[in-house]
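The figures here come from the full heavy-atom set of this structure, side chains too, leaving out hydrogens, waters and symmetry mates.
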Amino acid sequence: MTTKLFICKFYLTGVRNQPVELELTGDELLATLTAMANPHRLRIIAELRRGRVHVSELARRLEMSRPLLYMHLDKLEKAGLITGQLELSEDGKAMKYYELAPFELRLTADEIAAALDTDEPLAGTPDSSDDDMEEGDR
């Protein structure tokens with residue numbers, strides 16, 4: 001995908017009580033949608049809307065192993081949907097807490113079409129060359 005900007009009604013809410021409309025690139029939009037396109041990550045988002053939580057508690061609530069949880073948290077954090085903060089406990093232990101970044105995502109078919117108009121042709125489409133295809137796709 002190219003990096004041409006288009007508007008995708010992605011709002012950071014709670015910033016001075018006014019929504020801030022962001023312009024996302026096609027790559028940023030894809031990263032956001034990819035991060036959300038997993039049932040485990042949707043469960044994490046739903047759980048974090050209850051408030052900030054320590055990663056061990058989150059793993060217990062979701063009945064998920066911590067390594068698997070960390071993998072999903074990393075994807076959500078890279079997409080800007082959650083934030084993580086490392087804190088020291090009174091006994092000096094490092095404690096990782098996560099919370100939901102306030103957001104609202106509205107996406108229309110017109111906005112998807114506009115994003116595709118900014119991108120290069122996908123491999124395997126009539127506009128692309130055979131050089132872009134993987135060996136197993138032929």
Side-chain angles (χ1 to χ4, degrees):
M1 298 183 93
T2 64
T3 58
K4 184 175 178 181
L5 293 177
F6 65 96
I7 294 182
C8 160
K9 306 297 187 220
F10 185 86
Y11 296 96
L12 290 176
T13 57
V15 179
R16 295 187 197 156
N17 297 324
Q18 296 293 323
V20 177
E21 188 171 307
L22 301 178
E23 291 185 351
L24 298 180
T25 65
D27 289 338
E28 290 166 338
L29 173 62
L30 187 59
T32 300
L33 295 176
T34 299
M36 296 178 90
N38 180 284
H40 294 298
R41 292 192 283 271
L42 291 177
R43 288 177 54 221
I44 292 167
I45 290 170
E47 188 62 37
L48 288 177
R49 99 192 139 104
R50 293 175 49 194
R52 181 175 178 264
V53 66
H54 180 260
V55 70
S56 294
E57 175 62 22
L58 185 59
R60 278 190 290 277
R61 289 181 190 176
L62 297 172
E63 299 178 347
M64 188 181 297
S65 72
R66 283 186 22 187
L68 179 61
L69 178 59
Y70 271 116
M71 181 196 72
H72 290 301
L73 290 169
D74 183 57
K75 289 184 185 284
L76 290 168
E77 193 169 23
K78 285 179 180 175
L81 299 170
I82 65 169
T83 58
Q85 186 172 5
L86 197 58
E87 297 179 8
L88 291 178
S89 67
E90 290 180 11
D91 62 354
K93 289 183 182 177
M95 308 278 288
K96 187 77 178 217
Y97 288 88
Y98 285 92
E99 63 186 333
L100 195 60
F103 70 90
E104 179 179 335
L105 178 63
R106 294 183 192 168
L107 187 59
T108 67
D110 290 340
E111 290 159 342
I112 292 171
L116 291 174
D117 288 343
T118 67
D119 295 331
E120 297 171 9
L122 299 173
T125 60
D127 295 336
S128 66
S129 70
D130 282 344
D131 296 338
D132 293 338
M133 293 177 63
E134 301 269 335
E135 183 65 31
D137 293 338
R138 294 186 185 158

Using the salt bridge (charged side-chain N to carboxylate O under 4.0 Å, His left out) criterion, which residues pair with R60? Sequence neighbours excluded. E57
Sequence neighbours left out, what passes side-chain hydrogen bond (donor to acceptor under 3.5 Å, both in side chains) with T108? Give chain and number order. E111
Sequence neighbours excluded - side chain to side chain donor-acceptor pair (under 3.5 Å) pairs with any residue from residues 92-103: none
Single-linkage hydrophobic cluster M71~L42, side-chain heavy atoms < 4.5 angstrom: yes
I'd like a table of donor-acceptor pairs (distance under 3.5 Å, sequence neighbours excluded) in which one partner is a side-chain atom from residues 73-81, with atom names and distances.
unit_1: D74; atom_1: OD2; unit_2: K78; atom_2: NZ; d: 3.2
unit_1: E77; atom_1: OE2; unit_2: G84; atom_2: N; d: 3.0

Give me each pair satisfying ring pair (Phe, Tyr, Trp, His ring centres under 6.0 Å) with a member in residues 25-52, each pair once, sequence neighbours excluded. H40-H72
Do I44 and L33 belong to the same hydrophobic cluster, where Ile, Leu, Val, Met, Phe, Trp and Tyr are linked whenever their side-chain heavy atoms lie under 4.5 Å apart, directly or via other members? yes
Please report, to 0.1 Å, the donor-acceptor pairs under 3.5 Å made by any side chain of residues 47-54, with sequence neighbours excluded.
unit_1: E47; atom_1: OE2; unit_2: R50; atom_2: NH1; d: 2.6
unit_1: E47; atom_1: OE2; unit_2: R61; atom_2: NH1; d: 3.0
unit_1: R49; atom_1: NE; unit_2: A46; atom_2: O; d: 3.3
unit_1: R52; atom_1: NH2; unit_2: E87; atom_2: OE1; d: 3.1
unit_1: R52; atom_1: NH2; unit_2: E87; atom_2: OE2; d: 2.1
unit_1: H54; atom_1: ND1; unit_2: S56; atom_2: N; d: 3.1

Can you list every salt bridge (Lys or Arg N to Asp or Glu O under 4.0 Å) pair that touches residues 31-40, not counting sequence neighbours? none
State, to 0.1 Å, how close A35 and R41 come at their nearest heavy-atom pair, and which atoms those are. O-NE, 2.7 Å
